[in-house]
Amino acid sequence: MSQTLISFLGRVPKTENGYRPTTYTFNSEPDEPTAFIGWTLHRRLKPDRLVILGTTGSMWDHLFEKDFVLGEEAENERLLLQEATEKKEVTTTLLKSLTPLLEKRLRCEIQLLIIPYCRTENEQLELLRIMAAAVNTGDLVHLDVTHGFRHLPMIALLSALHLRKVRNADIRGIWYGAFDPDTGEAPIHDLAGLLRIASWVSALSTFDKDGDYSVFADRLDEDGLTVEGTNHLRRAAFFERTSNPRDARNELTNFNETLTRGLPGVSALFAEQLQERLKWHHRDNLFANQVDLANFYRKRGDYIRAAIFACEAFITRLIDHEAGEKEDNYKTRKAALSAYTSKKRRQEWQHLCSSYCLLRDLRNTLAHGNEPSNPNISGIIADEKRLNQEMERLIRVLLDNRE
């Protein structure tokens, strides 16, 4: 696993003495004056690979003039680079010829890459492609977004998200040197917290799609929540996915105590949204929990899990609590369903039998992928809109008792 620093090379003001130097401060320690912040970050971060990105008009000539004593080495190429920089016509070929000079002095792999000006969508996509190609799978990556056009930092942030997905990169820092022309101070800030916000937004979207609480646990881990607190969410997700809403609810109830006390870091911004998505556990009633989960998964297109919870909710409804029957006892549930389907009791609910049988057959067909025994099911499962509507109707009829 190697560490890569990607730095944008812009074009700072130039006088007869060269490009304007700046004394950047990293972790409250001032560095040597330089016109290119990449040198400061290289000294402090000590990467295995330094990737410098710039347009044809960036100050490429500075890399080989002010900060290193090169003597007469590659003098002709350096003169050509100076002329090309002034004309804003720097080429990849010219940069490759000079790259070994930097590698020799910095003792790390160097890539000098020409990027487009990113004015159009195609050019912006090209930048993402170039950055992805410069990173190896699993790299530890630092991004320096100080120099370049004003819109490049925004694109670089998107690139960081892109690198995490396509290269499984670990983004260790997004660095920005904030030069203040009034004071001359230039502290270097780490903007990596923006990635944690993006991660939370992504986690909310993922949960809204599949209902997996564990994506929140990962984000809370990053913000320093205790392992005990995040494990409540992980166990809740496990129990819910094994059709055990009672234990899932208990885990969410325990997690809610942590949520009520307040979440750390970026997570605090999303506490309200998290509470909204976990609110089903507030009802201490197995039947209500099963109904809520059946509707939750139906809305997300998880029809197998919706059918499972709906069937179990209907069986819970058949339990005779007044007779002391326990709703979470397997034998009791089996006996209640058997008595119902054989018409030995609950006569007032017999008009629901055809709806229950349809729901049961839907569940079995969706779970096993077999040819349905009920010919009506073939048409239902062939059309998602119809399946969703039929599931909604069955849940309403069987569990809300409105029809």
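Atom set for the values below is all heavy atoms of this structure, side chains included, hydrogens, waters and symmetry mates excluded.
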> Can you list the steps and then say if Asn388 with Arg298 is a side-chain hydrogen bond (donor to acceptor under 3.5 Å, both in side chains)?
Replying inline: CA-CA 7 Å; Asn388 195 307; Arg298 177 192 62 79; 2.6 Å; yes
>> Pair Ile174, Leu195 - check side-chain contact (heavy atoms from CB on, under 4.5 Å), show working.
In response: CA-CA 9 Å; Ile174 300 179; Leu195 287 182; 3.7 Å; yes
>> With a 4.5 Å cut-off on side-chain heavy atoms, are Leu359 and Leu398 touching?
In response: yes
> Within the distance-only criterion (no hydrogens, no angle test), does the side chain of Thr226 pair as donor or acceptor with the backbone N or O of Gly229 below 3.5 angstrom?
Replying inline: yes
> Regarding Arg44 and the six-membered ring of Phe26, is the cationic atom NZ or CZ under 6.0 Å from the ring centre and inside 45° of its axis?
Replying inline: no
>> Go through it in stages, so that I can follow the logic: the residues are Asp139 and Arg167, the test is salt bridge (Lys or Arg N to Asp or Glu O under 4.0 Å), and I'd like the CA-CA distance, side-chain angles, deciding distance and then a yes or no.
In response: CA-CA 8 Å; Asp139 270 1; Arg167 289 291 183 266; over 6 Å; no
> Does the side chain of Leu112 come within less than 4.5 Å of Lys96's, by heavy atoms?
Replying inline: no
> Does Leu220 reach the side chain of Leu233, with side-chain heavy atoms less than 4.5 Å apart?
Replying inline: yes
>> Asp247 vs Arg235, test: salt bridge (Lys or Arg N to Asp or Glu O under 4.0 Å). Steps then yes/no.
In response: CA-CA 9 Å; Asp247 285 341; Arg235 287 193 292 267; over 6 Å; no
> Side-chain contact, heavy-atom cut-off 4.5 Å: Glu126 with Ile115?
Replying inline: no
> What do you reckon, is CD of Glu73 surrounded by more than 12 foreign heavy atoms closer than 6.0 Å?
Replying inline: yes
> Between the side chain of Gln290 and the main-chain N/O of Ile315, is any donor-acceptor distance below 3.5 Å?
Replying inline: no
> Donor-acceptor pair, Thr85 side chain versus Leu81 backbone, under 3.5 Å?
Replying inline: yes
> Do any N or O atoms from the side chain of Asp48 and from the backbone of Gln3 form a donor-acceptor pair under 3.5 angstrom?
Replying inline: yes
> For Asn244 and Thr242, what are the C-alpha separation, side-chain angles and deciding distance, and is it a side-chain hydrogen bond (donor to acceptor under 3.5 Å, both in side chains)?
Replying inline: CA-CA 6 Å; Asn244 184 357; Thr242 53; 5.2 Å; no
> Is a side-chain donor or acceptor of Thr332 paired with a backbone partner of Asp328 at a separation under 3.5 angstrom?
Replying inline: no
> For Asp61 and Tyr19, what are the C-alpha separation, side-chain angles and deciding distance, and is it a side-chain hydrogen bond (donor to acceptor under 3.5 Å, both in side chains)?
Replying inline: CA-CA 10 Å; Asp61 57 340; Tyr19 295 101; 3.0 Å; yes
>> Quick check against the 3.5 Å criterion: does Trp60 have a side-chain atom that pairs as donor or acceptor with the backbone of Thr55?
In response: yes
> Does Glu384 CD have over 12 foreign heavy atoms under 6.0 Å away?
Replying inline: no
>> Pair Asp212, Ser214 - check side-chain hydrogen bond (donor to acceptor under 3.5 Å, both in side chains), show working.
In response: CA-CA 6 Å; Asp212 183 3; Ser214 65; 2.8 Å; yes
> Can you find a pair of side-chain heavy atoms, one from Phe8 and one from Thr146, that are under 4.5 Å apart?
Replying inline: no
> Yes or no on salt bridge (Lys or Arg N to Asp or Glu O under 4.0 Å) for Glu312 and Arg317, after CA distance, side-chain angles and deciding distance?
Replying inline: CA-CA 9 Å; Glu312 293 304 314; Arg317 186 179 181 188; over 6 Å; no
> Does the Thr120 side chain pair with the main chain of Glu123, one donor and one acceptor, at a distance under 3.5 Å?
Replying inline: yes
>> What I'd like to find out is whether the side chain of Trp280 reaches to under 4.5 Å of the side chain of Leu252, using heavy atoms alone.
In response: yes
> Ignoring hydrogens and geometry, is there a side-chain-to-backbone donor-acceptor pair from Arg363 to Cys311 under 3.5 Å?
Replying inline: no
> Any donor and acceptor pair, going by atom type alone, linking the side chain of Thr91 with main-chain N or O of Leu94 inside 3.5 Å?
Replying inline: yes
>> Between Asp208 and Arg277, does any side-chain N to carboxylate O distance fall below 4.0 Å?
In response: yes
> What pair of heavy atoms forms the shortest contact from Arg219 to Ala203, and how long is it?
Replying inline: CG-CB, 4.0 Å
> Does a side-chain heavy-atom distance below 4.5 Å link Phe255 with Leu278?
Replying inline: yes
> Any side-chain donor paired with an acceptor under 3.5 Å for Trp175 and His189?
Replying inline: no
>> Side chains of Tyr297 and Glu240: any donor to acceptor distance under 3.5 Å?
In response: yes
>> Check whether Asn27 reaches the backbone of Glu29 with its side chain - one donor and one acceptor, N or O, closer than 3.5 Å.
In response: no
>> Listing request: all ring-ring contact (aromatic ring centres under 6.0 Å, His included) pairs with a residue in residues 206-250, at least two apart in sequence or in separate chains.
In response: Trp200-Phe216, Phe207-Tyr213, Phe207-Phe216, Phe207-Phe296
> Can you list the steps and then say if Glu65 with Arg78 is a salt bridge (Lys or Arg N to Asp or Glu O under 4.0 Å)?
Replying inline: CA-CA 8 Å; Glu65 295 300 330; Arg78 287 157 54 196; 3.7 Å; yes
>> For the CZ atom of Phe36 and the OG1 atom of Thr22, what is their distance to the nearest 0.5 Å?
In response: 12.5 Å
> Is Arg249 salt-bridged to Asp292, going by a charged N under 4.0 Å from an acidic O?
Replying inline: no
> Can Ile171 and Arg164 be said to form a side-chain contact (heavy atoms from CB on, under 4.5 Å), step by step?
Replying inline: CA-CA 7 Å; Ile171 308 299; Arg164 290 205 303 192; 3.6 Å; yes
> Looking at Val135 and Ala169, what are the two nearest heavy atoms and their distance?
Replying inline: CG1-CB, 4.4 Å
> Heavy-atom distance under 4.5 Å between the side chains of Asp210 and Thr206, does that happen here?
Replying inline: yes
> Can you check side-chain contact (heavy atoms from CB on, under 4.5 Å) on Gln124 and Ile155, steps first, answer last?
Replying inline: CA-CA 7 Å; Gln124 293 157 11; Ile155 299 173; 3.7 Å; yes
>> side-chain contact (heavy atoms from CB on, under 4.5 Å), that's the test. Do Leu358 and Arg393 meet it? Break it down for me.
In response: CA-CA 11 Å; Leu358 178 59; Arg393 184 190 71 80; 4.0 Å; yes
> Does a donor on one side chain and an acceptor on the other come within less than 3.5 Å for Thr137 and Asn168?
Replying inline: no
